[in-house]
There are 2 protein chains.
Amino acid sequence: MALPNRPGTTSSEAEAVLFDLVDVYDRAYEAAAAELSLSPAQACVLGRLDERRGMGALAEELGCDASNITQIVVRLEALGLVVREPNPQDRRARLVTRTPRGDDVNQRFATAFTFARTAVGRLSPDEQDQLTALLRKALG
Amino acid sequence: MALPNRPGTTSSEAEAVLFDLVDVYDRAYEAAAAELSLSPAQACVLGRLDERRGMGALAEELGCDASNITQIVVRLEALGLVVREPNPQDRRARLVTRTPRGDDVNQRFATAFTFARTAVGRLSPDEQDQLTALLRKALG
DNA sequence: CATGGTTGCTTGAGTGAATCAAGCAAATTC
DNA sequence: GAATTTGCTTGATTCACTCAAGCAACCATG
């Protein structure tokens, strides 16, 4: 299990709940990925492939180096969850697509990662709206 | 930058804001650690050392293998931020303490990691209470 | 067109986090 | 006092991540 991104001290109660939330969320994400024998990074990339797209687009969206994506995609490909096809428009580029098995695993991941669904589900529709508004405001 | 723990699809708005929140939080934590040339895991361990404690206690609190803690502490020790002293009560065990430099770096990390403080600070005291209550309820 | 720069991706080297298995020494239990 | 358990470290392995370098293919511009 990955170490939490949790500071040592907390000044307000609201902050403390926030830390808890992030911690529980991250662990749930990791656990859901692990159920399918995926790393969090692999689950994340797999989830972005509803449409076929290039390596560079993935790197940019996910905010990391292209070579990082290469590695992760290579592993997903080795697992048979993804294929890299040549891009007919640009022979340098490669388009990544989920295989049917990849679709299946991705679907099962979405089912297994219940955290956000469950958490939001504990709130009434009104409360959900309040939460949304408060978090939007807090995020600035 | 680490890949986000973000699923591919989102069903409700509240969920989407939650994903954003976690994403922004994690990136802010990582960035604050990076400012001090620490990894997130190192910053996390350093933050737990307000009192001296054993390796095992750290591992248990942070929910990971003891050997993982060993590595991280070894690196923190190499950076001069932490020392491992023998435990007079139990000669198998070792107590980890921050050095003065460790205290300083930890303090500067706490200052640099403004995310939660800033986010909560955008809310009025009433709103903070509402948020706390909603998140508590959502966390179950 | 040629040639020079840019883009898209991969490779290689290096670091760190994480896990598991194995080991060792000190403590505990019986 | 022998067997077990506890606390930690070591070693091996995997993966994520970054940076630098490289290689094609694309795209100017003259």
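Reminder, nothing fancy here: chain letters follow the sequence lines and each chain counts from 1.
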Chemist: What is the separation between atom CD on B:Glu60 and atom P on D:dT6, rounded to the nearest whole Å?
Modeler: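 The answer, rounded to whole Å, is 12 Å.
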Chemist: Mind checking side chain to side chain contact (heavy atoms under 4.5 Å, CB included) for B:Glu61 and listing every partner two or more places apart, or none if nothing turns up?
Modeler: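 In terms of side chain to side chain contact (heavy atoms under 4.5 Å, CB included), with neighbours along the sequence ignored, B:Glu61 is linked to B:Arg48, B:Arg53.
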Chemist: Quick one: side chains of residues 34-43 of chain A, donor-acceptor pairs under 3.5 Å with protein atoms, not counting sequence neighbours, listed by atom name and distance.
Modeler:
from, atom 1, to, atom 2, distance (Å)
A:Ser39, OG, A:Gln42, N, 3.1
A:Gln42, OE1, A:Ser39, N, 3.1

Chemist: To the nearest Å, how far apart are B:Ile69 CD1 and D:dT6 P?
Modeler: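 That distance rounds to 19 Å.
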Chemist: Give a yes/no on whether any side-chain N or O of B:Arg92 is located under 4.0 angstrom from OP1 or OP2 of D:dT9.
Modeler: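 No, because none of the side-chain N or O atoms of B:Arg92 sits under 4.0 Å from OP1 or OP2 of D:dT9.
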Chemist: Given 3.5 Å as the limit, does a donor-acceptor pair link the side chain of A:Arg98 with the main chain of A:Leu46, or not?
Modeler: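 Yes, because the side chain of A:Arg98 sits within donor-acceptor range (under 3.5 Å) of the backbone of A:Leu46.
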Chemist: Side-chain donor-acceptor pair under 3.5 Å between B:Ser67 and B:Asp65, yes or no?
Modeler: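 There is such a pair between these side chains.
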Chemist: Is there a side chain to side chain contact (heavy atoms under 4.5 Å, CB included) between A:Leu3 and B:Asn68 once you walk through the steps?
Modeler: CA-CA 10 Å; A:Leu3 261 53; B:Asn68 193 17; 3.9 Å; yes
Chemist: What is the distance, rounded to the nearest whole Å, between atom CG of B:Asp65 and atom C1' of C:dA22?
Modeler: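 These atoms are roughly 12 Å apart.
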Chemist: Starting at CZ of A:Arg91 and ending at P of C:dT10, how long is that distance when rounded to a whole Å?
Modeler: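 It is 16 Å, rounded to the nearest whole Å.
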Chemist: Which one, C:dT10, D:dT10, D:dT6, comes nearest to the side chain of B:Ser67?
Modeler: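 Closest nucleotide among those given: D:dT10.
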Chemist: Side chain of A:Thr70: nearest nucleotide among C:dG8, C:dA26, C:dT11?
Modeler: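 Taking heavy atoms from C-beta onward, the closest nucleotide is C:dT11.
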Chemist: Distance-only, no hydrogens or angles: does the A:Glu85 side chain make a donor-acceptor pair with backbone N or O of A:Thr97 under 3.5 Å?
Modeler: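 Such a contact is absent between A:Glu85 side chain and A:Thr97 backbone.
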Chemist: Relative to the 5' end of DNA chain C, which residue comes earlier, A:Gly56 or A:Pro4, by the nucleotide with the nearest heavy atom?
Modeler: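 Closer to the 5' end of DNA chain C: A:Gly56.
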Chemist: What is the distance, to the nearest angstrom, from the CG atom on B:Asn68 to the P atom on D:dC15?
Modeler: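 After rounding, the reported distance stands at 17 Å.
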Chemist: Can you list, by residue number, the residues of residues 73-90 of chain B that have a non-hydrogen atom closer than 4.0 angstrom to DNA chain C?
Modeler: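 Within this stretch, B:Arg75, B:Asp90 sit under 4.0 Å of the strand.
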Chemist: Mind calculating the distance between CD (B:Glu30) and P (D:dA16) to the nearest angstrom?
Modeler: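 Atom CD in B:Glu30 sits about 14 Å away from atom P in D:dA16.
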Chemist: Only distances under 3.5 Å count here; give the side-chain donor-acceptor pairs of residues 104-115 of chain A to other protein atoms, sequence neighbours excluded, each with its distance to 0.1 Å.
Modeler:
from, atom 1, to, atom 2, distance (Å)
A:Asp104, OD2, A:Arg108, NE, 3.4
A:Thr111, OG1, A:Gln107, O, 3.0

Chemist: For B:Gly54 and A:Gln71, take the nucleotide of DNA chain D holding the closest heavy atom to each; which residue's nucleotide lies nearer the 5' end?
Modeler: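 Nearest nucleotide further toward 5': that of B:Gly54.
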Chemist: What is the distance, rounded to the nearest whole Å, between atom CG of B:Leu3 and atom P of C:dA17?
Modeler: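 To the nearest whole Å, that distance equals 18 Å.
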Chemist: Where along residues 33-51 of chain A does a heavy atom come under 4.0 Å from DNA chain C, residue by residue in number order?
Modeler: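 Residues of residues 33-51 of chain A that come under 4.0 Å of DNA chain C do not exist, since none gets that close.
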Chemist: Suppose we screen for side chain to side chain contact (heavy atoms under 4.5 Å, CB included). Which residues come up paired with B:Arg101, at least two apart in sequence or across chains?
Modeler: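 Once residues adjacent in sequence are excluded, the partners of B:Arg101 under the side chain to side chain contact (heavy atoms under 4.5 Å, CB included) criterion are B:Leu81, B:Thr99.
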Chemist: Over all strands shown, is A:Ile72 touching base, sugar-phosphate only, or nothing at heavy-atom distances under 4.0 angstrom?
Modeler: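 Sugar-phosphate contact only - A:Ile72 comes under 4.0 Å of backbone atoms but never of a base.
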Chemist: Can you tell if the side chain of A:Pro4 reaches within under 4.5 Å of the side chain of A:Asp26, non-hydrogen atoms only?
Modeler: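 Sidechains of A:Asp26 and A:Pro4: no contact.
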Chemist: Using atom CG of A:Asp26 as one end and atom P of C:dA18 as the other, report the distance to the nearest whole Å.
Modeler: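 Those two atoms, CG and P, are 12 Å apart.
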